[in-house]
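Structure record follows, encoded as structure tokens.
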Number of protein chains: 2
Amino acid sequence: MNGQRLALNRRLRVSPYEARSLPGVRRVSVYNHMVLPVVYETLEEDYWHLREHVQMWDVACQVQVEIRGPDALKLVEWMTPRDVSLCEPGQCIYVTLLDEAAGIINDPIVSCLAPDRYWLSVSDSDVLLWVKGLAQSGEWRVEVFDPNVFPMSVQGPKSGDLMSRVLGDSIRELGFFRFIETQIASIPVYVARTGWSGQGGFEIYLLEASLGVELWDALAAAGKDLNVRVGSPNLIDRIETGLLSYGSDMTLENNPLEVGLDRFFEMGKTADYLAREALEHIVAVGPARKLVRVAAKGEPVGLPRTSYALKGATGQEVGFVTSMVYSPRLEHNIGFGFVPSELAEVGGELDVVTSKGSQSATIVDDNWST
Amino acid sequence: MNGQRLALNRRLRVSPYEARSLPGVRRVSVYNHMVLPVVYETLEEDYWHLREHVQMWDVACQVQVEIRGPDALKLVEWMTPRDVSLCEPGQCIYVTLLDEAAGIINDPIVSCLAPDRYWLSVSDSDVLLWVKGLAQSGEWRVEVFDPNVFPMSVQGPKSGDLMSRVLGDSIRELGFFRFIETQIASIPVYVARTGWSGQGGFEIYLLEASLGVELWDALAAAGKDLNVRVGSPNLIDRIETGLLSYGSDMTLENNPLEVGLDRFFEMGKTADYLAREALEHIVAVGPARKLVRVAAKGEPVGLPRTSYALKGATGQEVGFVTSMVYSPRLEHNIGFGFVPSELAEVGGELDVVTSKGSQSATIVDDNWST
């Protein structure tokens, strides 16, 4: 039940790169009310190409929420347990936005443009509405709006080569999670050393939608002999890399400890935040369940529509898989799944139940081994 | 550039009716992070069938936001200029949710389940996050959550016949925008006299997702000789009926006066609301632009990806079309478009510029005539 044809209309906002990213695409998704390409050749071909060469991705759906004004930092701090005051202009940090129960609203990358100006590059939920709503909750001196900025991504081992051709060799020195304001082919952009792959790369934030195709073509021309091609966030690569997808591997029903995103912050930051009480309670008692990495030998299985059941030693259902895919490199299925915390030990044996039957699975470490 | 194939994953939430609504569907959209079928045979065949018979629609994507607690009414009132205190248990009202600048956040149907309990049946934006954010803005004694309720719709002239077979003849007496709690085939549901078509019908709110297929099959069996079939919100019918689509015909950039939704409320309600000052200002000075109905003779044109330009008498661009489709019944193109208020007179002559060139168009009244 995959592959229904998508009708495009005005409600699905247009990416400035559509004229280049939609022709030839095999599968798309919809993300933040925009079309997100997800497969071009096949998942596997896209994966190998991404690992060997360089790809250009239309990720305009990673929409930005701008928070600007004297209380901008205070409001960003209010939304997350991470200490955002450490983020200086030109720096990005990955945060979880939490509600009053420490449920995850979204997991954006925050870019500090100035001490009173932040962009939240959001995953798939209307963070603009959350921040606008929250902004009513005090005398915050802020403006909150969509700045109409459209990211594209350049990912893969040759991404430094490609970017240096349009920006000079100095771009190779840009630090991880740092960004600069610059121009590519005279087009004003921000360039960040970020991206949703494990292969390294850059994200380019286009400020003027009408120049999307021009930007795209400039990069494509510069990278011709690098075997650059259109690509997209790749399911195999992102699971191998341990990147969680909001809406799939975590939702508002989850807290950061459950899904292991507490590794990105330390409890006890100075600034106050909405989830403090709830989160401190969860830290004190420990999370009831945890998202673990699961490896399953045997026949390749596809991504679950919703989940695959995980069964324990005695055959009882103990949890479920949120994402799973066959890794042609590791030569087995890999994925994420929730299990009770007491079962979340590396080496733990489970069964994963797919449409192909029951396959034995093992809880593995961050290198996908026991 | 239509018809890209959609990849389904866990991030696109499952409708309880998918097993019945996805097989055979020709075009889908994504709406509130769920799949929304939009075409089965062709737009025109679906349209004629809807006008003559009865259809079952998977509109589970019309997700509900529940607001419950002693201050539930006060919070709903805070979000809209419409007087919600007039809405009694068992009644629904259509409202616009406005931000502090009177921009439209969403246009849900509000159902009053009890004086301290409301459902907002929302169009395509994460109203849950808006309400949760706003709920932090005072000492509101409310809970705000997704109650996991899944609407399906029964629309068309024979919808009363179909519903009376599963609920008895009394269901024909249910008033417009009224609802009851009942059971269909022993499945607990709410049934409302509502629906996003001009042909009349009902919406059924399923409370238990696992019973979706059972509910669907019970209705399908009961309506076999009524020529019931799977259908969907139909573009031709909804434009003919004058139903606006959030995200297409209005966005956060618009206020209710611009798009004519002020006909659903009177200014000056007693309860306080967030947009009061901004909205009173707009009423005082008048909106700068208005959404009008436009009819264009000539060749059939399709729905615009984003918009079609509207040109005035001297050839200058004065506005744009947000939605347009060919009506096989009216035998011309019909749509909505924004023009400056001073040009928004019925009878006004414009040109609409599509990929097929320029066609003369007329601003028409609510009956699509001048």
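So you know, we letter chains A, B, ... as the sequences are listed, proteins then strands, and number each from 1. Heavy-atom basis, side chains included; hydrogens, waters and symmetry copies ignored.
Both the backbone and the side chain of B:Tyr31 have a heavy atom closer than 4.5 Å to some heavy atom of chain A. Interface residue B:Leu12: backbone and side-chain heavy atoms are both found under 4.5 Å from chain A. For B:Ser245, the part sitting under 4.5 Å from any heavy atom of chain A is the side chain, from C-beta outward, and nothing else.
Options B:Val35, B:Asn9, B:Leu303, B:Asp146 differ in how many heavy-atom pairs under 4.5 Å they form with chain A, and the most are formed by B:Asn9. Contact count versus chain B (heavy atoms, under 4.5 Å) is highest, among A:Asp99, A:Val131, A:Asp249, A:Val38, for A:Asp99. Each of B:Leu129, B:Asn106, B:Val30 has some count of heavy-atom pairs under 4.5 Å with chain A, and the biggest count is that of B:Leu129. Ranked by heavy-atom pairs under 4.5 Å with chain A, the list B:Thr322, B:Val39, B:Ile105 is led by B:Thr322. Top candidate by heavy-atom pairs under 4.5 Å with chain A, chosen from B:Val127, B:Leu252, B:Asp124, is B:Asp124. Your options are A:Ser137, A:Ala135, A:Ser248, A:Gly247, and the one with the most heavy-atom pairs under 4.5 Å with chain B is A:Ser248. Here A:Gly133 is the residue among A:Pro37, A:Gly133, A:Ser125 with the most heavy-atom pairs under 4.5 Å with chain B.
B:Arg289 is linked by a side-chain hydrogen bond (donor to acceptor under 3.5 Å, both in side chains) to B:Glu258, counting only residues two or more places apart in sequence or in another chain.
Other residues, nucleotides and ligands contribute only 12 or fewer heavy atoms inside 6.0 Å of the CD atom of B:Glu277.
Under the 3.5 Å distance criterion, the side-chain polar atoms of A:Tyr308 are left unmatched by any main-chain donor or acceptor of A:Gly337. Put simply, the side chain of B:Asp58 never gets that close to the backbone of B:Ser21: no donor and acceptor are under 3.5 Å apart.
The salt bridge (Lys or Arg N to Asp or Glu O under 4.0 Å) analysis of residues 19-32 of chain B, with sequence neighbours excluded, yields the pairs B:Arg20-B:Asp217.
In this structure the side chain of A:Pro233 reaches within 4.5 angstrom of the side chain of A:Trp57, judged on heavy atoms.
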Item checked: Test log, rule side chain to side chain contact (heavy atoms under 4.5 Å, CB included), inputs B:Trp196 and B:Val59 -> CA-CA 10 Å; B:Trp196 216 62; B:Val59 288; over 6 Å; no
